[in-house]
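Shown next, in structure tokens, is the structure this report addresses.
Each chain gets a letter, A, B and so on, in the order its sequence line appears, and its residues count up from 1. Keep in mind that what you see is a predicted model, and the values were worked out from it rather than measured.
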There are 2 protein chains.
Amino acid sequence: MADKTTVAPAEPRVTPKSAYHHGDLRAQLIAAVRDLVETHGPDGFSVAEAARRAGVSSAAPYKHFKDRHEILRGVVSEAMDRLHAAMRSGAAAHATGSLEAVAAVGQAYVNFARAEPGVFRLVFGLTEGHENAPDLLKKGENCFGVVVEAAAACLELAPQHPDVQRRAYILWSFVHGHSFLTIDMKHKVASAEVDDWQYLMEVARAILGPVERTG
Amino acid sequence: MADKTTVAPAEPRVTPKSAYHHGDLRAQLIAAVRDLVETHGPDGFSVAEAARRAGVSSAAPYKHFKDRHEILRGVVSEAMDRLHAAMRSGAAAHATGSLEAVAAVGQAYVNFARAEPGVFRLVFGLTEGHENAPDLLKKGENCFGVVVEAAAACLELAPQHPDVQRRAYILWSFVHGHSFLTIDMKHKVASAEVDDWQYLMEVARAILGPVERTG
DNA sequence: CAGCTAAAGTTAGCAATTCTTACATTCATT
DNA sequence: AATGAATGTAAGAATTGCTAACTTTAGCTG
């Protein structure tokens, strides 16, 4: 029944010839939910309100999504695609192997969190969506892969090297935590956007700088 | 009206003489909600279910809490007290000024997240509770204060020193991010608890180690 | 082009939830 | 004992998640 809809068509036929009943409701619902999550918080969202915004009845969404969680997963999936793209283009804006490239990946991450705190929180706060969604897990790992690649280039080691993996994870942890703390309680120390770059460079230098073997 | 109940009595008269109508419902509701949040996820909680578990009618909770958000805030407040205590006792278990003391604070943080992922997520994922709750903000800053103190002792500087603040924030970001990533997607790199200490020490060393002035 | 099928939408409705209002009970103090 | 405030219940309004049954339209086929 609703098996193929789980993964999402990804490309909604771009332009449906003559506007179905509605057009393509799926994308519009995801957009509406994204907006709701952003303005009213991750829990201040309802399928009914999303349907209302899309101009359809409250039962229509269930033709496209199994349940409310699947809609949220759709939002998360779309958001992760954008996050991934932002991270990649952040890295690409600097010389391969430079600390700046690493910092830029982190900056893209933080920028995303700042720009869409509600969605960001949803992406990483979704609990019951993650288990049944291997595609989301993979997208998460792809994002981590961008960090790994930048770190590997910086250390001039293979991405599979455990030292690279470990350091990349440390960097990711910092950026992830910084993003959350920033949007959560906008701590004084990390209030201004200007500070981000300084922080990111400092941490990248501290973690990737002098290679000291552990163990 | 519901002003004094915001902060919570903290000690509920210990043992009410002959069991009021109920005993002390407030603490029991918080406990029930904490359990629900832990088992069914942060969103899988309902006032009705909590009341059911406490053996009272579904309207009873509203005599103690203004609305469902205030109950959650109660859970968060209680959880932050425990987190704060754990962090302090973690630091106290090691020599003042040692890197181990810093790492132990982080370890306590991570342990909490692992032990109560649902509550942990609730504490830092609560959106509509934070604005109207300056006491929660303060408790959060108190937790940060533990990190600052440990870092200050380690660097032999005053806690107010900007260098201390900045480095403490970086450490906190890492631990915070690591905690989230661990419970979110239990990334392979950070699966075993044994790794925590190694990570924490490595980061503490990298951040607090050689004092290099920035700017 | 008629006609069939499946997709995509609607209306109606159930069960559950949040929160309010009005009422009942019990504690604690005088 | 009697009263006032705290604490509970019962009942109900509004909203939501989701299902069932029905209708419309798109797109294919003969």
Side-chain angles (χ1 to χ4, degrees), chain A residues 1-6 8-9 11-30 32-33 36-37 40-75 128-129, chain B residues 1-6 8-9 12-30 32-33 36-37 40-75 128-129 132:
Chain A
M1 277 292 185
D3 267 326
K4 57 150 70 119
T5 66
T6 303
E11 58 267 26
R13 283 78 184 280
V14 194
T15 37
K17 303 202 160 173
S18 70
Y20 250 134
H21 267 130
H22 178 94
D24 60 335
L25 184 58
R26 187 189 172 92
Q28 216 159 318
L29 280 174
I30 288 184
V33 169
L36 280 172
V37 163
H40 296 83
D43 21 345
F45 128 83
S46 76
V47 179
E49 178 65 21
R52 220 170 284 134
R53 291 205 177 187
V56 295
S57 76
S58 63
Y62 294 95
K63 298 290 176 176
H64 294 268
F65 301 93
K66 185 183 128 218
D67 56 10
R68 72 194 303 275
H69 299 300
E70 194 167 281
I71 306 184
L72 287 177
R73 258 177 280 155
V75 175
E128 47 249 288
Chain B
M1 280 289 184
D3 267 325
K4 54 148 72 120
T5 67
T6 303
R13 282 79 182 278
V14 196
T15 35
K17 303 203 162 174
S18 70
Y20 247 135
H21 269 128
H22 177 94
D24 61 335
L25 184 57
R26 187 186 171 94
Q28 216 160 318
L29 280 174
I30 289 183
V33 169
L36 279 172
V37 163
H40 297 82
D43 20 345
F45 127 85
S46 76
V47 179
E49 177 66 20
R52 220 169 285 134
R53 291 205 178 189
V56 294
S57 77
S58 63
Y62 295 94
K63 296 291 176 175
H64 295 268
F65 301 94
K66 186 184 127 216
D67 55 9
R68 71 195 304 275
H69 299 299
E70 195 167 281
I71 305 186
L72 288 176
R73 259 177 280 154
V75 175
E128 47 247 289
N132 307 336

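Listed nucleotides: C:dT10, D:dT9, C:dT17. Nearest to the side chain of B:R52: C:dT17. Proximity note for B:K63 (side chain, C-beta onward) versus D:dA11, C:dT17, D:dG8: the nearest is D:dG8. Considering only side-chain atoms of A:R68, the nucleotide from C:dA8, D:dG17, C:dC19 that sits closest is D:dG17.
When rounded to the nearest whole Å, the span between CG of A:L25 and P of C:dA8 equals 10 Å. Distance A:F65 CZ to D:dG17 P: 14 Å, rounded to the nearest Å. Rounded to whole angstrom, the span from the CD1 atom of A:I71 across to the P atom of D:dT16 amounts to 13 Å. The separation between B:Q28 atom CD and D:dT7 atom C1' is 14 Å, rounded to whole Å. Taking atom CG of residue B:L36 and atom P of nucleotide C:dT18, one finds them 11 Å apart after rounding to whole Å.
At a threshold of 4.0 angstrom between heavy atoms, the contacts of B:S46 are confined to the sugar-phosphate backbone, with no base atom among them. A:A48 comes within 4.0 angstrom of sugar-phosphate atoms only, judged by non-hydrogen atoms across all strands, and of no base.
A sub-4.0 Å separation between OP1 or OP2 of D:dA6 and a side-chain N or O of B:R26 is absent. Contact between the side-chain N/O atoms of B:H64 and the OP1/OP2 oxygens of D:dA6 is not found at any separation under 4.0 Å.
Rounding to the nearest 0.5 Å places CD of A:Q28 at 10.5 Å from NE2 of A:H64.
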